[in-house]
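Worth knowing before you read on, the calculation uses all heavy atoms, side chains too, and leaves out hydrogens, waters and symmetry mates. Source: prediction; values computed, not measured. Order of listing sets the numbers, starting from 1, for every ligand and every atom in it.
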Amino acid sequence: METAEIRRRWLAFFESKGHAIVPSSSLVYDDPNLLFVNAGMVPFKPYFLGQETPPWRRATSVQKCVRTGDIEEVGKTSRHGTFFQMNGNFSFGDYFKAEAIAFAWELLTTSQAEGGYGLDKERLWATVYEDDDEAAGLWLTHSEVPIERIVRRGMADNFWSMGVPGPCGPCSEIFYDRGPDYGQEGGPAVDEDRYKEIWNLVFMQNIRGEGSGKDDYPIVGDLPAKSVDTGLGLERLAAVLQGVDNLYEIDEVYPVLVKAAALTGKTYGAKSAHDAAHSDPDDVRLRVVADHVRSSLMLIGDGVTPGNEGRGYVLRRMLRRAVRSMRLLGFDEPCLQHLLPVSMERMKASYPQLETGFSRISQIAYAEEEAFRRTLAAGTTMLDTAVARARSAGQSMLGGDEAFALHDTFGFPIDLTLEMAQEQGIEVDQDGFRRLMKEQRDRAK
Ligand code: GLY
């Protein structure tokens, strides 16, 4: 089933259950804690907190999201994409756990002929928060998941918050068992590659305070009303329904990967079918290209332009990583003109404005690539010379002064120096770099 169809069925199902369809917000959303929208509930936060009255008590959306905290992991695992879409159904003081579980079960297991996703019931598992007897009981009464496939997990896995003070609550995740080819038996607590999380039902009822990590923060109060926030990973479900290994291989992403492979003469998956490590370096680079090209398209589509800080820097970094990955795969010419249109063609079914705005979007991307090619041409020789010097002196680290010079003279951000040095097996003295940057800033003051 195509991703656009999964999306359509989602919205139709929840509309039939009395939910208002709310269009995705822009990725750039006015929340001081967030660089980009990173979950479907972000635009609804004031409703959960009782700061604003929602126009509806039930809503559904397919929200564009970007998460770049693990950008280095992209392509190396089957889980880390930077742009993704989160399908959500939301109750603002209306239904709670029972309906959330019943809706999820119905939509996932209703046959495809009858408008559902037709997942095999025997492959579904549910997790609940450790002391949430109510949710565990509701899975037994409102679904056909047997007790041995209902797993209790602690706060790090089954208590959801935005990572910052705000609404939170215990959650119940739904996992799909991809089968023995993908790992060990035993459920999600044993192997999260074989058992793939597809949907998280959050029972919003508390407010969290300052803290760190997923489980190191205090609960400082209760929300004015018990509510529901769910997030289904559209790309993850697409991978399941399309019978592919990972999100880089679904219909909305794979054509870019195929194009990149054709341009570079590489054969994707030649060495590593679906090995757990996803480790072949060329495959990783092709996945990086496919992921980052789509994310850049979506970010520029929402008005982000490349820059040296904040959102602009995230975009710049992704465009540059895509371009560099193509170079490392052996393609030295401008590449975005070949890749970006392919991505747009795949995404326009769900986001028609990408096609109407493509001339603006592509101009921004191509100009950034051109500027980066000039930066690379100038700085690469200097970097290579510094690496060779470090090696011949028997050092495994590039000095902070050299990283600083690359930054100061050629505009190499430290991330780029780090990545390029790492590719040659050399570390970088980041503390030294930061010290010199600070001295420069102090002098400027
Ligand atoms: N808000 C639910 C999730 O991001 O998983």
Side-chain angles (χ1 to χ4, degrees), residues 6-7 10 14 19 22 24-25 27 29 31 33-49 54 58-70 79-97 99-101 103-104 107-108 124-129 132 135 151 153-176 188 192 195-208 213-215 217 219 223 225-240 247:
I6 301 174
R7 179 181 193 277
W10 176 275
F14 281 105
H19 294 63
V22 182
S24 172
S25 288
L27 285 162
Y29 189 75
D31 183 319
N33 287 316
L34 295 174
L35 216 44
F36 299 111
V37 172
N38 62 359
M41 53 74 70
V42 169
F44 303 125
K45 190 171 125 187
Y47 303 149
F48 290 122
L49 290 170
R58 298 178 176 205
T60 184
S61 66
V62 176
Q63 174 65 46
K64 297 177 271 188
C65 299
V66 164
R67 289 185 190 172
T68 53
D70 293 324
R79 290 193 292 276
H80 291 94
T82 52
F83 171 82
F84 61 96
Q85 297 154 91
M86 190 177 282
N87 294 12
N89 57 290
F90 306 93
S91 149
F92 308 109
D94 190 39
Y95 61 84
F96 200 44
K97 296 180 187 179
E99 291 88 339
I101 290 171
F103 288 152
L107 178 56
L108 290 178
L124 294 173
W125 289 62
T127 63
V128 297
Y129 182 54
D132 195 348
V151 181
R153 300 179 88 179
M155 194 156 175
D157 295 297
N158 275 73
F159 204 92
W160 195 87
S161 80
M162 296 168 74
V164 289
C168 65
C171 62
S172 179
E173 296 183 320
I174 305 170
F175 288 78
Y176 180 81
E192 283 209 23
Y195 299 88
K196 247 199 160 30
E197 184 212 323
I198 50 175
W199 196 344
N200 187 14
L201 315 179
V202 186
F203 309 126
M204 288 288 197
Q205 55 186 41
N206 308 110
I207 303 172
R208 67 160 273 178
K214 289 188 165 181
D215 54 358
Y217 54 84
I219 302 296
L223 293 176
K226 288 185 173 172
S227 295
V228 169
D229 149 38
T230 88
L232 170 134
L234 179 53
E235 284 75 6
R236 290 184 182 196
L237 183 60
V240 168
L247 66 101

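Lys64 has no carboxylate O lying under 4.0 Å from a charged side-chain N of Glu235, or vice versa, which leaves the two without a salt bridge. Using a 4.0 Å cut-off between charged nitrogen and carboxylate oxygen, Asp132 and Lys97 count as a salt-bridge pair.
Donor-acceptor pairing under 3.5 Å is recorded for the side chains of Asn158 and Thr127.
A distance limit of 4.0 angstrom between heavy atoms and ligand 1 selects the residues Ala39, Met41, Arg67, Met86, Trp160, Asn200, Val202, Asp229.
Checked options Asp229, Leu223, Ile207; the residue passing with Pro167 is Leu223 (criterion: side-chain contact (heavy atoms from CB on, under 4.5 Å)).
Between the side chain of Arg208 and the backbone N or O of Tyr217, no donor-acceptor pair lies under 3.5 Å.
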Can you list the steps and then say if Thr60 with Asn89 is a side-chain hydrogen bond (donor to acceptor under 3.5 Å, both in side chains)? CA-CA 4 Å; Thr60 184; Asn89 57 290; over 6 Å; no
